[in-house]
Each structure stands twice: as structure tokens, then as C-alpha cells.
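Below is one structure; the comments refer to it alone.
Hydrogens, waters and symmetry mates play no part in the numbers below; they use all other heavy atoms, side chains included. Below, read A as the first sequence line, B as the second, and so on, with proteins coming before strands; counting in each chain starts at 1.
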There are 2 protein chains.
Amino acid sequence: MTAVTRTKWLSASEMRAWLAYITTSSDLQRAIERDLEPFGLDGGDYQLLAMLSDAPDRRMKMCDLADTLRLSRSGLTRRMEGVMRKKLVERVQSESDKRVAYAVMTKKGMNLLTKVAPHHVASVREKMIDRLSDGEIRALATAFEKIAAGLNVDH
Amino acid sequence: MTAVTRTKWLSASEMRAWLAYITTSSDLQRAIERDLEPFGLDGGDYQLLAMLSDAPDRRMKMCDLADTLRLSRSGLTRRMEGVMRKKLVERVQSESDKRVAYAVMTKKGMNLLTKVAPHHVASVREKMIDRLSDGEIRALATAFEKIAAGLNVDH
DNA sequence: CAAAAATAGTTGCGAGCGCAACTATTACGA
DNA sequence: TCGTAATAGTTGCGCTCGCAACTATTTTTG
């Protein structure tokens, strides 16, 4: 962005896309999170469990987990309190580097995720994916990949 | 969603779209809000001012404002405290219906929005719009309009 | 190798927001 | 018309989360 910003307003088409995106994305997120509530999980818990389930040995360094979840270190500490209280995840101190701790998904956590995931996928389909054409899905993927590339979320 | 959910997983293409969307949208929102901070506004303040600036007489009933901003009543009450402290918005009691209060943008609020809006638009362009082709922008608009139609955000 | 810097994680604090409960006012139904 | 229901808004409370400050460990560097 230049020092003196020469304003180039959004065209009608651009405005339509921006407004549709900005208003709908928050509604969509709420709707999908609401479908998780019956299982005693919120969106943050689910994301955490999903990340761990994909990781080798179902464990991740707190540090890396915070980055992928877009949480601050302290934010992850607090969220871990919640899932640990529910016995879905354990905290394990590293032997090699005594600074680091691992978040490790428990059997109970894995069982819960296995139970919830199909409902979550169904929810994502119902609210979003199944409403879009193949072309729209491809366009969405490339569009957000381009946007992500431009954001260079540091490191 | 049926009672017994028959899981139909996401295809590779669908998963790509979903992941790109879900990870990027949160980064995008943060990036755009960060560009507002130098002006002493956060995303919520900007949205509030933008809605008021579009309304007749730059005023809206608290109630309607809360709905369009996707805030609870109490959430709006608290957010109003902030923008009122900054003298950007005033709270005006209605004469005809003594239950309702209007949020009215002040001259100062209007001046600030006029100053900030070009930077915000530039930010939205830089982070999102200008990175997309015309086709992608059209696809995004129709895609999110379809999604919104399926969410029927009650009221 | 000692001192400085980087890294991992936790804690205190404050901001934002939703829910439930409450007050005040208006609309409605018998 | 009176009583009930609906509507508008605020307040108390709790949750999530980021920032700044802090501790505890490496890692780097002169």
C-alpha cells in the first residue's frame, strides 16, 4: 500500500463478492460450530483434535500446534486446559529438550473425533460444499490459495 | 442431515477448497483488521461505522444494528460503549417508542470513516480482490450467495 | 566458556462477546 | 380493558484469547 493511497473503489462485481464473502463467512462458521455443540466440542476443540489426529503418533509440540491453529502461546495453554479436563488430550514433557511439551491425543480423544468427524463433514457438506458446483469449488480453492500466498503469514 | 449419518467424505478437490477456505479466511480477517489498527479502530468498530454510514440519516435502531452486525444485544451495548467514548457515535432515545434507542453516527465518526475507508478498501484489494481473476470474483460472489441462501440466518 | 539472545511455555490482566436474568415499554387476545 | 406476550435494551457472569511479563531451558557468539 503506497504512502498516499490513491483510492480505487470496488466495482459492482467486486463489491458483490466482498460483501457476500464477508457477511456469509461469519454466519457459516457459526452454523458449523453450532453443529458441533451436541458433542460437547466447540470449533477450537475440534480443530485441535483434527490437527493432532493427522500428526505422527497423534502428538505435536505445543509451539507448532499453536501456529497451525492460529493461536497465541497463551491461547493454546488455555485451550489445552479444556481438552485435558475432558481427558481428550494429554500434556507430555519432552526428554530431549526440557523446554518443550507435547500435546498428545488420548484414546478417548481419538474415539470422540472418530464419532464426531462424520457429522462434521456432513455439516460442512450441507452448509457449503453440496451447494456449490464443481467449477465453483475449484474456483474457491484456487482463489483462497492465491490469497493465502499473498498473506505470507510470517515465518 | 439424516438421523443416521451416512458419511460421504470430501473428495480431493472438495477438501482442497475447504482447507484453503478455512485456513485462509481467518488469516485474511486478521490481516485486514491489522491494517485498521493505526486508525484506532478494530474490525468491529469499522463494521459498525460502515453500517451506520449507509443508513438513512446515518442512524439505526440498536436492534437492527445488532442483527446486521451479527452481534447479540449485549454485544452491541458493549461495543457502543467503545465508539461512544470515542465520540464517533451517539445514543439517542426514540420519542415514539420509548423502548428503542438509535445509534447515530456523529460528524466526527463520519470524518473518521471517510478518512479510513480508502485505506480499508486498499487493504481489501491488496489482500484479496486484486489477487483474483474476474472469473474467480464472480464465482466467489455466487458461491457465497448460494451458501448464505442455505443458511437462512433466522430473524 | 561465559554472557547474551533465542526459544518454549505459563500466568496476570484486560478486551470482546454470548447467555440468562432483569427492567421497561408496547402489542395483542379474550 | 386487563392481563399476557412480545420487544428493546442493559447488566452480571463466564469463556476465549492476545499481550506483556516472567521462568526455564537451549543456542549462539565474542
>> I'd like to know if Arg16(A) and Glu145(B) make a salt bridge, using a cut-off of under 4.0 Å between side-chain N and carboxylate O.
In response: yes
>> I'd like to know if Arg99(A) reaches the base of dT7(C) with its side chain, counting only an N/O donor and acceptor under 3.5 Å.
In response: yes
>> Of the options dG9(D), dA8(C), dT16(D), whose atoms approach the side-chain atoms of Val100(B) most closely?
In response: dG9(D)
>> Check Arg125(B) with Glu14(A), please: is the shortest side-chain N to carboxylate O separation under 4.0 Å?
In response: yes
> Given atom CD of Glu81(B) and atom P of dG12(D), what is their separation to the nearest angstrom?
Replying inline: 11 Å
>> Taking donor-acceptor contacts at under 3.5 Å, does the side chain of Ser74(A) reach the base of dC19(D)?
In response: yes
>> Taking the side chain as everything from C-beta on, heavy atoms only, tell me whether Leu113(A) gets closer than 4.5 Å to Leu41(A).
In response: no
>> Rounding to an integer number of Å, can you tell me how far Arg34(B) CZ sits from dG18(D) C1'?
In response: 14 Å
> Mind checking whether Phe144(A) and Phe144(B) have parallel, tilted or perpendicular rings, split at 30° and 60°?
Replying inline: perpendicular
> Which nucleotide in the set dA8(C), dT25(C), dG16(C) lies at the smallest distance from any side-chain heavy atom of Asp42(B)?
Replying inline: dG16(C)
> Looking only at side-chain N and O atoms, does Arg91(A) come under 4.0 Å of OP1 or OP2 in dT10(C)?
Replying inline: yes
> What is the distance, rounded to the nearest whole Å, between atom CG of Leu71(B) and atom P of dC19(C)?
Replying inline: 12 Å
> Between dC17(C) atom C1' and Gln47(B) atom CD, what is the distance in whole Å?
Replying inline: 15 Å
> Would you call the rings of His119(B) and Phe39(B) parallel, tilted or perpendicular, where under 30° means parallel and over 60° means perpendicular?
Replying inline: tilted
>> In whole Å, I'd like the distance from the CZ atom of Arg73(B) to the C1' atom of dC19(C).
In response: 13 Å
> Taking atom P of dT23(D) as reference, at what distance in whole Å does atom CD of Gln93(A) sit?
Replying inline: 18 Å
> When we call it a touch if two heavy atoms are under 4.0 Å apart, what does Ser94(B) touch: a base, just sugar-phosphate, or nothing?
Replying inline: nothing
> Would you say dA8(C) has OP1 or OP2 under 4.0 Å from some side-chain N or O of Lys98(A)?
Replying inline: no
> Does a nitrogen or oxygen in the side chain of Arg79(A) sit under 4.0 Å from OP1 or OP2 of dC15(D)?
Replying inline: no
> Hey, does the side chain of Ser72(B) come within less than 4.0 Å of dC19(C)'s phosphate (OP1/OP2), counting only N and O?
Replying inline: no
> Over how many whole Å does the gap from Asp45(A) atom CG to dC15(D) atom P extend?
Replying inline: 13 Å
> How long is the line joining CG of Leu48(A) and C1' of dT16(D), in whole Å?
Replying inline: 14 Å
>> Can you work out whether Leu76(A) or Asp64(B) has the more 5'-proximal nearest nucleotide on DNA chain D?
In response: Asp64(B)
> Quick one: the side chain of Arg78(A) and the base of dG12(C), do they pair up donor-acceptor inside 3.5 Å?
Replying inline: yes
